[in-house]
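As structure tokens, the structure follows; a few thoughts come after it.
As the structure lists them, so they are numbered: ligands from 1, and atoms in each ligand from 1.
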Amino acid sequence: MNVSSAEFMRGIRGSDDILADGIPNIAFIGRSNVGKSSILNALAGKPGMARVGDKPGKTTEINFFLINKKQYFVDLPGYGYASGGQKDRESLRKLIIWYFTSGEAHPQKVVLILESKAGLTKFDEQMIEVLKEQGHPYVIVLNKVDKLSQKELQLKVADIQKRSGAEVIQTCVPTGKGIDELRDILLATD
Ligand SMILES: Nc1nc2c(ncn2[C@@H]2O[C@H](COP(=O)(O)OP(=O)(O)OP(=O)(O)O)[C@@H](O)[C@H]2O)c(=O)[nH]1
Ligand SMILES: [Mg+2]
């Protein structure tokens, strides 16, 4: 499956008409700096579409990208960090929780992204609890696999699978590893 069109619609920080327009949401979530925006750009084949940064806390709104005119890829801020300190961190955390629990958004699928070195952190486990409670289906992606040796990677993947009970898709944005596989899972075919 290919992406033939991808366009930024808008960023929101709370209730908005875009949540009620009936277009399915695929939500990208994870700790700050794990590569959520980078993966979204790679899936869309548009490197500069979502803002990417070396420092954590780059994405500060819930950004909607219309893919093939029939799905939104929703790029959320990361949890666990914000450059402005405790207060900003708390407001981003609340925004993320609001998206998943208010009942206003209807994510059809959630892509929970982890970073290879950190693996599954306590923040991710809390997020998984929220997703399970709310009944949102999710897939787990382990990004930046270029940062581990083959042996370290095998151990890490086994650990995450054991603790989460979910399959883990391995990705690397610079080499493109796993990106086609993930796109096939996420894109609607009808
Ligand atoms: N080595 C490596 N670096 C990556 C990979 N994917 C993303 N990065 C880098 O990681 C940094 C963070 O990427 P972002 O896409 O901005 O991460 P994010 O999760 O959207 O971050 P926030 O919006 O701050 O939560 C950037 O410098 C990317 O170039 C990868 O697979 N391997
Ligand atoms: Mg981002």
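Of the inter-residue distances, the one linking D17 atom CG with I12 atom CD1 reads 10.0 Å to the nearest 0.5 angstrom.
A chain of hydrophobic side-chain contacts below 4.5 Å, direct or via other Ile, Leu, Val, Met, Phe, Trp or Tyr residues, connects I18 to I29. In terms of hydrophobic clustering, with Ile, Leu, Val, Met, Phe, Trp and Tyr side chains grouped at heavy-atom distances under 4.5 Å, I39 and V139 are assigned to a common cluster. Under a hydrophobic-cluster definition in which Ile, Leu, Val, Met, Phe, Trp and Tyr are linked whenever side-chain heavy atoms come within less than 4.5 Å, directly or via other members, V52 and F65 are assigned to different clusters. Residues L155 and V145 do not share a hydrophobic cluster, defined by chaining ILVMFWY side chains whose heavy atoms lie under 4.5 Å apart.
At a heavy-atom cutoff of 4.0 Å, ligand 1 is contacted by the backbone of P56 but not by its side chain.
Ion pairing between K122 and E125 fails under the 4.0 Å rule for side-chain N and carboxylate O.
Annotation for ligand 1: atoms under 4.0 Å from non-hydrogen atoms of G78 are 25 (O). For ligand 1 and S38, the ligand atoms under 4.0 Å from any heavy atom of the residue are 7 (C), 13 (O), 14 (P), 15 (O), 28 (C). Residue-ligand proximity, V173 to ligand 1, at heavy-atom distances under 4.0 Å covers atoms 6 (N), 30 (C), 31 (O). Here is the list of ligand 1 atoms found below 4.0 Å of a heavy atom in P174: 30 (C), 31 (O), 32 (N).
Checking T121 against D124 by side-chain atom types alone, a donor-acceptor pair falls below 3.5 Å.
Heavy-atom minimum distance, Q170 versus V157: NE2-CG2, 3.5 Å.
When only non-hydrogen protein atoms are considered, atom 17 (O) of ligand 1 lies nearest to G35 N, 3.2 Å. In this structure, the protein non-hydrogen atom closest to atom 32 (N) of ligand 1 is D146 OD1, 2.9 Å. With hydrogens left out, the protein atom closest to atom 29 (O) of ligand 1 is V52 CG1, 4.0 Å, a heavy atom. Nearest to atom 16 (O) of ligand 1 among the protein's heavy atoms is G53 N, 3.0 Å. The protein non-hydrogen atom at the shortest distance from atom 27 (O) of ligand 1 is D54 OD1, 3.0 Å. Of all protein heavy atoms, the one closest to atom 25 (O) of ligand 1 is K36 NZ, 2.8 Å. For atom 10 (O) of ligand 1, the closest heavy atom belonging to the protein is K144 NZ, 3.0 Å. Shortest contact from atom 6 (N) of ligand 1 to any protein heavy atom: N143 ND2, 3.1 Å.
Here the shortest heavy-atom distance to atom 24 (O) of ligand 1, taken over C172, S37, G57, belongs to G57.
Within the 2.8 Å limit, S37 places at least one N, O or S atom next to the Mg ion (ligand 2). Here S38 does not reach the Mg ion (ligand 2): none of its N/O/S atoms is less than 2.8 Å from the metal.
Close N/O approach between D75 and ligand 1 is not found [any backbone or side-chain N/O within under 3.5 Å]. By the 3.5 Å distance cut-off applied to N or O atoms, R51 is not counted among the residues near ligand 1. Checking only distances, V145 never comes within under 3.5 Å of ligand 1, N or O to N or O.
The aromatic rings of Y79 and F123 sit tilted relative to each other, their planes meeting at an angle between 30° and 60°.
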Please assess L95 against T60 for the test side chain to side chain contact (heavy atoms under 4.5 Å, CB included), listing each intermediate value before the final yes or no.
-> CA-CA 9 Å; L95 183 63; T60 57; over 6 Å; no
What do the steps show when you test D16 against R10 for side chain to side chain contact (heavy atoms under 4.5 Å, CB included), and what is the final call?
-> CA-CA 10 Å; D16 192 287; R10 58 182 177 269; 2.7 Å; yes
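Among N25, D21, N63, the one residue that satisfies the side chain to side chain donor-acceptor pair (under 3.5 Å) test with Y72 is D21.
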